[in-house]
Amino acid sequence: MLIVMNHKAGPKQIEAVVKAVEQMGLTAAPIPGSERTAIGVLGNHGYVDDTTIRDLPGVQEVIHVSKPYKLVSRDFHPRHTVVKVGDVAIGEGKRPVVVAGPCAVEGEEQIVRTARAVKKYGADLLRGGAFKPRTGPHTFQGLREEGLKLLAIARRETGLPIVTEVMSPDTVGLVAEYADLLQVGARNMQNFELLKELGRIRKPVLLKRGMSATLEEFLAAAEYILAEGNGQVILCERGIRTFETATRNTLDLAVVPLIREMTHLPVMVDPSHATGKRSLVAPMAKAALVAGAHGVLVEVHPEPDKALSDGPQSLTFHGFEALMGEIRRLNEFLGF
Ligand code: PEP
Ligand code: MN
């Protein structure tokens with residue numbers, strides 16, 4: 001529920017409304033940045049009878065919000081959120097960021113070489129999976145804590161902040177010790193215990209859209225993180241399942257401007273997992289930036305043919321260099 005006060009409402013009237021909400025056993029959250037004073041009501045599990053509030057002095061309108069997400073919506077938070085990862089600012093008005101690195105950390109030489117290359121060509125953040133959510137158990141599952149340590153070495157060597165996936169609530173503490181930005185993969189978008197645990201840490205989270213999740217389900221998943229107190233969330237579109245088999249997934253680019261309309265959170269696009277094909281990564285990365293994405297995430301490997309996961313969609317260093325040149329020109333055009 002959203003309570004909109006009229007222009008003349010003074011502090012006393014606002015206080016009275018907050019009190020009335022609290023007397024109902026609910027939480028009143030003032031909403032900064034809105035044109036008029038607005039108070040968000042949280043904590044209800046269903047319809048709220050607003051009769052005791054509607055007629056209070058200064059109340060102009062009571063809006064019932066029936067969406068499964070509130071904190072992520074613009075109704076409750078009109079100002080843009082800019083997420084800081086190390087010194088890198090991600091969000092509205094900032095130059096779009098590039099996250100690059102291998103699907104999985106495979107060894108020290110591989111991750112440090114990749115980190116140096118992507119840094120040289122202008123990446124802002126280094127990615128690399130240590131805990132890998134693989135479809136089958138007979139494939140490479142990641143180096144786990146050893147992989148996190150190698151990412152820390154790569155960060156020390158290049159200064160690039162690191163992004164890596166966390167798969168379970170019990171490893172959030174461990175991954176947060178190393179990562180600058182914690183990724184929730186598509187397969188875990190609705191791992192609610194994981195989301196709640198990430199809501200309790202003080203580090204930013206990159207939440208990828210589940211491959212069969214509607215936008216509403218995606219935003220409701222983000223809401224779990226915000227509801228526990230962590231507002232540093234970046235949403236990431238990474239392609240969804242459709243009948244089309246020519247690409248690994250179908251990149252749903254329209255959600256980029258839609259997310260920007262509906263929420264205050266930054267949104268990124270991952271053209272690597274969306275397409276599954278190296279040749280499609282650059283065109284879709286550029287399309288994402290034109291659509292308004294606040295960043296792109298691309299997989300890069302020193303020798304994609306030998307990669308232990310996602311080789312066919314990984315860019316070579318040369319391919320990444322070319323993409324970065326194109327992104328720089330595009331950013332100029334976009335005014336960054
Ligand atoms: C990844 O980033 O390597 C990954 C597994 O992505 P997704 O969860 O989007 O499939
Ligand atoms: Mn991958």
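Side chains included, hydrogens not; waters and symmetry mates left out as well; all remaining heavy atoms used. Predicted, not measured: the structure shown is a model, and the values here were computed from it. Note that the numbering runs from 1 along the sequence shown for the chain. Each ligand, and each atom within it, is numbered from 1 in the order the structure gives.
Taking the charged nitrogens against the carboxylate oxygens, E197 and R200 do have a contact shorter than 4.0 Å, which makes a salt bridge. Between D124 and K119 there is no salt bridge, since no side-chain N of the basic residue sits under 4.0 Å from a carboxylate O of the acidic one. Ion pair R116/E157 flagged as a salt bridge, since at least one NZ, NE, NH1 or NH2 atom sits closer than 4.0 Å to an Asp/Glu carboxylate oxygen.
Vertex the Mn ion (ligand 2), arms ending at OD2 of D310 and NE2 of H273: the angle is 90° after rounding to 10 degrees.
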Output, in order, the C-alpha distance, side-chain angles, deciding distance and verdict of side chain to side chain donor-acceptor pair (under 3.5 Å) for H7 and Q60.
-> CA-CA 9 Å; H7 286 290; Q60 173 159 325; 5.8 Å; no
Does the side chain to side chain contact (heavy atoms under 4.5 Å, CB included) test come out yes or no for M1 and D50, once each step is laid out?
-> CA-CA 9 Å; M1 198 164 78; D50 63 19; 3.9 Å; yes
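Evaluated by nearest non-hydrogen atom to atom 4 (C) of ligand 1, the leading choice among M167, H273, M211, R187 is H273.
Residue G185 approaches ligand 1 through these ligand atoms, each under 4.0 Å from one of its heavy atoms: 8 (O). Close approach of ligand 1 to E299 is summarised as follows: ligand atoms under 4.0 Å from at least one heavy atom of the residue are 3 (O).
Closest N/O/S atom of E299 to the Mn ion (ligand 2): OE2.
Regarding atom 10 (O) of ligand 1, its nearest protein heavy-atom neighbour is R238 NH2, 2.8 Å. Of the protein's heavy atoms, A186 N, 2.7 Å lies nearest to atom 8 (O) of ligand 1. For atom 2 (O) of ligand 1, the closest heavy atom belonging to the protein is R127 NH1, 2.7 Å.
Both L235 and M284 belong to a common hydrophobic cluster when Ile, Leu, Val, Met, Phe, Trp and Tyr are linked at side-chain heavy-atom distances under 4.5 angstrom.
Taking the six-membered ring for Trp and the full ring otherwise, H264 and H80 have centroids separated by 6.0 Å or more.
Between the side chain of E237 and the backbone N or O of G239 there is at least one donor-acceptor pair closer than 3.5 Å.
Using a 4.0 Å heavy-atom cutoff, K132 is listed among the residues neighbouring ligand 1. Within the structure, the closest approach of C103 to ligand 1 falls below 4.0 Å when heavy atoms are considered.
On a distance-only criterion, K208 and ligand 1 share at least one N/O pair closer than 3.5 Å.
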